[in-house]
Enquirer: 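Dumping the structure here so I can ask a few things about it.
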2 protein chains.
Amino acid sequence: MPNLVEICLKKNIKLTNHRKIIAQIISESTDHPDVEELYRKAYFMNPKIGIATVYRAVKMFEDLGLIARHDFLGKGKSRYEVLEDDHHDHLIDITNNQVHEFFNAELENLKTKIAHEMGFELIGHKLELYCKPLKK
Amino acid sequence: MPNLVEICLKKNIKLTNHRKIIAQIISESTDHPDVEELYRKAYFMNPKIGIATVYRAVKMFEDLGLIARHDFLGKGKSRYEVLEDDHHDHLIDITNNQVHEFFNAELENLKTKIAHEMGFELIGHKLELYCKPLKK
DNA sequence: CTACATGCAAAAGATTTGCTTTGCG
DNA sequence: CGCAAAGCAAATCTTTTGCATGTAG
C-alpha cells in the first residue's frame with residue numbers, strides 16, 4: 001500500500017499540514033473517493049480545511065502524476081486513487097457501483113502493441129469494464 | 001456509415017423535425033462532436049432549435065442505446081458518436097487531440113475473458129489509449 | 001383536445017478563481 | 001518581511017429543469 005505522504009517526502013515535495021492530511025486520507029482510501037468524501041474526512045480531521053483546498057490539493061497531486069482521476073460511468077464527478085508504479089485497470093460492478101481493480105499483463109502488452117501498430121507510442125491508457133456478477 | 005435517422009425508422013422511433021436534424025448531424029460527424037458543436041450546426045440548419053433540445057435529444061439517443069457518450073481526457077465535456085453493432089475503441093493523439101478508432105478482436109476476447117475470470121459478465125467497456133506519434 | 005416537444009431562462013452541480021488573510025520560515 | 005497556502009465567496013462551465021407556449025395527430 002503506497003503512502004502519498006511518503007512518496008512526497010521521497011520526491012522532495014513539500015507538504016503543508018492541510019495537504020498532508022488530504023494526502024493521508026487519499027492513501028488510506030480503498031474506494032476511489034470523490035472530492036466531497038475527501039472534504040468530509042479532511043473536515044473531520046481539521047474543520048479549518050476548506051473545500052477549495054481539497055480541490056487545489058488533488059489537482060496538484062494529479063499534475064505531479066501522483067494520483068489518478070477517474071469518472072466511472074461518466075457521472076461527472078471525479079474520483080481519485082494513488083498511482084503506484086504498476087498499472088491496473090478497473091472493473092465496475094454496475095449492480096452496486098463497486099470498483100474492482102485488476103492487472104493483466106497480456107492486456108498491457110496488447111495495448112502497447114496496438115498503439116505501435118497504429119504508429120503511436122503509448123503514453124497513458126484507461127480501461128473500464130462495466131459488468132454484472134455471473135449467475136451460478 | 002450508419003445513419004441514425006434510418007436506425008430510428010427501423011426501430012419505430014418517431015423523430016420530430018428537430019430531432020431528425022440533430023440525428024442527421026451526429027450521423028454525418030466523424031469527429032465525436034460535443035453538444036456545443038452539434039448545437040452550432042443544428043442552429044445553422046434551423047435557428048429555432050435551442051440548446052436544451054440538443055441536450056434532450058442526445059440524452060434520448062443515449063438512453064435508447066443508439067449513441068455513445070465519451071469524455072476523452074476527462075475534460076468534463078461530453079462528446080458523441082453513433083453506436084454501430086460492432087464495437088471499437090479509441091486512440092487519442094495527445095499532441096493534437098485527434099481521436100482514432102480501432103478494433104481488435106484479440107482485445108475484445110481478452111476483456112470478456114478477464115471479466116469471466118473475475119466472476120462477472122461483461123456488459124459494457126471503455127478503452128482509451130492516450131498516445132503520441134512514433135518518431136521515425 | 002391531448003400529449004408530447006420545445007424555447008427560454010433559471011437552477012443545479014462540480015470545479016475554478018479572485019482577493020484577502022494567514023502562517024511559516 | 002516575504003511568499004506560498006488557504007478561506008471564502010463569487011464566478012465559470014456544463015448540463016438539467018420548470019414553466020409557459022407550440023405543434024402534430
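Protein chains get the first letters and strands the later ones, always in sequence-line order, with residue 1 at the start of each. Worth knowing before you read on, the calculation uses all heavy atoms, side chains too, and leaves out hydrogens, waters and symmetry mates.
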Enquirer: To which residues is B:F44 joined in a hydrophobic cluster, defined by side-chain heavy-atom contacts under 4.5 Å among Ile, Leu, Val, Met, Phe, Trp and Tyr, whether direct or through other members?
Expert: none
Enquirer: Sorted by first residue and then second, give each ring-ring contact (aromatic ring centres under 6.0 Å, His included) pair with at least one member in residues 49-85 of chain A; sequence neighbours left out.
Expert: A:H32-A:F72, A:H70-A:F72, A:H70-A:H90, A:F72-A:H90
Enquirer: Would you say B:E37 and B:Y39 are linked by a side-chain donor-acceptor pair, where the criterion is simply a distance under 3.5 Å?
Expert: no
Enquirer: Given that both pair distances must be under 3.5 Å and the pair must be Watson-Crick or G-U, what runs of three or more consecutive pairs involve DNA chain D?
Expert: C:1-25 with D:1-25
Enquirer: Enumerate the residues from residues 59-79 of chain A whose closest heavy atom to DNA chain D is under 4.0 Å, giving them by residue number; use none for an empty result.
Expert: none
Enquirer: Tell me whether the count of non-hydrogen atoms from other residues, nucleotides or ligands lying under 6.0 Å of OH in A:Y43 goes above 12.
Expert: no
Enquirer: Please check the phosphate of D:dT15 (OP1 and OP2 only) for any side-chain N or O of B:Y55 closer than 4.0 Å.
Expert: yes
Enquirer: Quickly work out the A:K20 NZ to D:dA5 P distance and round it to whole Å.
Expert: 14 Å
Enquirer: Ion pair present between B:K77 and B:D34, side-chain N to carboxylate O less than 4.0 angstrom?
Expert: yes
Enquirer: I need the minimum non-hydrogen distance between B:I7 and B:L66, along with the two atoms involved.
Expert: CG2-CD2, 3.9 Å
Enquirer: Return the value, rounded to whole Å, for the distance between atom NZ of A:K14 and atom C1' of D:dA4.
Expert: 7 Å
Enquirer: If you measure from the Lys or Arg side-chain nitrogens to the Asp or Glu carboxylate oxygens, is any gap between B:K111 and B:D89 under 4.0 Å?
Expert: yes
Enquirer: Let me confirm one number: the NZ-CD1 distance from A:K48 to A:I21, rounded to the nearest 0.5 Å.
Expert: 11.0 Å
Enquirer: Applying salt bridge (Lys or Arg N to Asp or Glu O under 4.0 Å), name anything that partners A:D93, two or more places apart in sequence or on another chain.
Expert: none
Enquirer: Which protein N or O atoms sit under 3.5 Å from an N or O of nucleotides 6-8 of chain D?
Expert:
residue : atom : partner : partner atom : Å
D:dA6   : OP1  : A:T16   : OG1          : 2.6
D:dA6   : OP2  : A:R19   : NH1          : 3.4
D:dG7   : OP1  : A:H18   : ND1          : 3.2
D:dG7   : OP1  : A:K48   : O            : 2.0
D:dG7   : OP1  : A:I49   : N            : 3.1
D:dG7   : OP1  : A:G50   : N            : 3.3
D:dG7   : OP2  : A:G50   : N            : 2.8
D:dG7   : OP2  : A:T53   : OG1          : 2.2
D:dG7   : O5'  : A:K48   : O            : 3.0
D:dG7   : N7   : A:R56   : NH2          : 3.1
D:dG7   : O6   : A:R56   : NH2          : 3.1
D:dC8   : N4   : A:R56   : NH2          : 3.3

Enquirer: Using a strict cut-off of less than 4.0 Å between a Lys/Arg side-chain nitrogen and an Asp/Glu carboxylate oxygen, indicate whether A:K59 and A:E62 qualify as a salt bridge.
Expert: no
